[in-house]
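So the structure is just underneath, and the comments pick up after that.
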Amino acid sequence: MTAETSQTLDRGLRVLKLLADTDHGLTVTELSTKLGVNRTVVYRLLATLEQHALVRRDLGGRARVGLGVLRLGRQVHPLVREAAMPALRSLAEDIGATAHLTLVDGAEALAVAVVEPTWTDYHVAYRAGFRHPLDRGAAGKAILAARQSKSTEPGYTLTHGELEAGASGAAAALVGVTGIEGSVGVVMLADSVPERVGPRVVDAAREVADALR
């Protein structure tokens, strides 16, 4: 803590992070131990967070993340989408394939921005809001690969026919962006992804990551 920061706000944010990391909630005693503060402080923090619907307590007294956090989270997508659009447009036009930005939403991959090329005779229709399991499709698999990798440089993942018959995909994870798990990719009607596409997708992912830092 420094003179410019708020200890109370810091503790409140730490409470939210602790609750976000558990599926079964935490008791006041558990939070008190993890934060290193007395139970009275925790009660006050929870009461304040409850007023803003950021925390809820069940009948057993365990605190959990509240629905207010979801409302805040929904406002993140438009900001991320806006930052990513220039790189996605450039990628779609360069490759001649549908480009997309995908973010993690629970156990699923969620497409939050999609750009289709303007000059091709045909391309894969892919809509914002499309969801699929993280372990299927290039977008989700690139994110999972990044979780396991310690590299600060993104690699790329290639797939074929996993989400749509006859379609191939390439994606690279966003690396070094605090609080966001996602990937940038393209999907095309082809039996395989041309050699230059993977590195180009990596470049686009770097551009988006730089825009979000």
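Quick caveat: nothing in here was measured; it's all calculated off a predicted structure.
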Between E50 and R56, is the closest basic N to carboxylate O distance under 4.0 Å?
no
Hydrophobic cluster membership, V69 vs L46, 4.5 Å side-chain cutoff
yes
Check whether V202 and L103 end up in the same hydrophobic cluster, where Ile, Leu, Val, Met, Phe, Trp and Tyr are linked by side-chain heavy atoms less than 4.5 Å apart.
yes
When clusters are formed by joining ILVMFWY residues with side-chain heavy atoms under 4.5 Å apart, either directly or through shared neighbours, do L158 and L134 land in the same one?
no
Mind checking what makes side chain to side chain donor-acceptor pair (under 3.5 Å) contact with R62, not counting sequence neighbours?
E30
Exactly one of T98, L101, V114 clears side-chain contact (heavy atoms from CB on, under 4.5 Å) with L88, and that residue is L101
Check for a donor-acceptor pair, side chain of R64 on one end and backbone N or O of V55 on the other, with a separation under 3.5 Å.
no
Please round to the nearest 0.5 Å and tell me the distance separating atom OH of Y43 and atom CG of N38.
11.0 Å
Do E181 and R147 come close enough that some side-chain heavy atom pair is under 4.5 Å?
yes
V208/V80 under side-chain contact (heavy atoms from CB on, under 4.5 Å): CA gap, chis, key distance, verdict
CA-CA 9 Å; V208 174; V80 175; 5.8 Å; no
Counting N and O atoms only, with roles assigned by atom type, does the side chain of S149 sit under 3.5 Å from a partner on the main chain of A145, one being a donor and the other an acceptor?
no
Is there side-chain contact between I95 and V201, with at least one heavy-atom pair below 4.5 Å?
no
List, one per line, each side-chain donor-acceptor pair under 3.5 Å for residues 106-113, sequence neighbours excluded.
from, atom 1, to, atom 2, distance (Å)
E108, OE1, R131, NH1, 3.2

Output yes when R89 and D94 qualify as a salt bridge under the 4.0 Å nitrogen-oxygen rule, no when they do not.
no
V177 with V104, same ILVMFWY side-chain cluster at under 4.5 Å
no
Is it the case that the side chain of T159 and the backbone of E162 share a donor-acceptor pair, with hydrogens and angles ignored and the cut-off at 3.5 Å?
no
Between the side chain of H77 and the main-chain N/O of R81, is any donor-acceptor distance below 3.5 Å?
no
Of all heavy-atom pairs between A83 and A211, which one has the smallest distance, and what is that distance?
O-CB, 3.8 Å
Interatomic distance, OG1@T29 vs CZ@R39, rounded to 0.5 Å, equals 3.5 Å
Does the distance from a Lys or Arg side-chain N to an Asp or Glu carboxylate O, for D203 and R200, drop under 4.0 Å?
no
Quick check: closest heavy atoms across G12 and L45, and the distance to 0.1 Å?
N-CD2, 4.0 Å
Once rounded to the nearest 0.5 Å, what's the spacing between atom CG of L49 and atom CZ of R57?
9.5 Å
Which heavy atom in A87 sits nearest to a heavy atom in A204, and how many Å separate them?
CB-O, 4.1 Å
Quick one: does W119's side chain have a donor or acceptor within less than 3.5 Å of a partner on E93's backbone?
yes
Determine all donor-acceptor pairs shorter than 3.5 Å in which one atom belongs to a side chain in residues 183-195; sequence neighbours excluded.
from, atom 1, to, atom 2, distance (Å)
S183, OG, A139, O, 3.0

Nearest heavy-atom contact between V65 and L16 is CG2-O, 4.3 Å
d(L79 CG, L212 CG) to nearest 0.5 Å is 9.5 Å
Would K34 and R14 count as a side-chain contact (heavy atoms from CB on, under 4.5 Å) here? Give the steps.
CA-CA 10 Å; K34 290 178 181 293; R14 288 169 62 196; over 6 Å; no
For F130 and H132, take the angle between the two ring planes, folded into 0 to 90°, and tell me which bin it lands in: parallel under 30, tilted 30 to 60, perpendicular over 60.
tilted
Under a 3.5 Å threshold, yes or no: a donor from one side chain and an acceptor from the other, between H160 and S168?
yes
Side-chain heavy atoms under 4.5 angstrom apart, residues restricted to Ile, Leu, Val, Met, Phe, Trp, Tyr: same cluster for Y122 and V197?
no
Any sub-3.5 Å donor-acceptor pair from S32's side-chain atoms to V28's backbone N or O?
no
To check you understand the geometry: which heavy-atom pair defines the closest contact between G96 and P117, and what is its length?
C-CG, 3.7 Å
Picking from V42, D21, L19, what satisfies side-chain contact (heavy atoms from CB on, under 4.5 Å) with L26?
L19
Straight-line distance of T27 OG1 to D58 CG, nearest 0.5 Å
10.5 Å
Which heavy-atom pair separates V175 from P154 by the least distance, and what is that distance?
CG2-CB, 3.8 Å
Quick check for you: to the nearest 0.5 Å, what is the distance between E207 atom CD and S90 atom OG?
6.0 Å
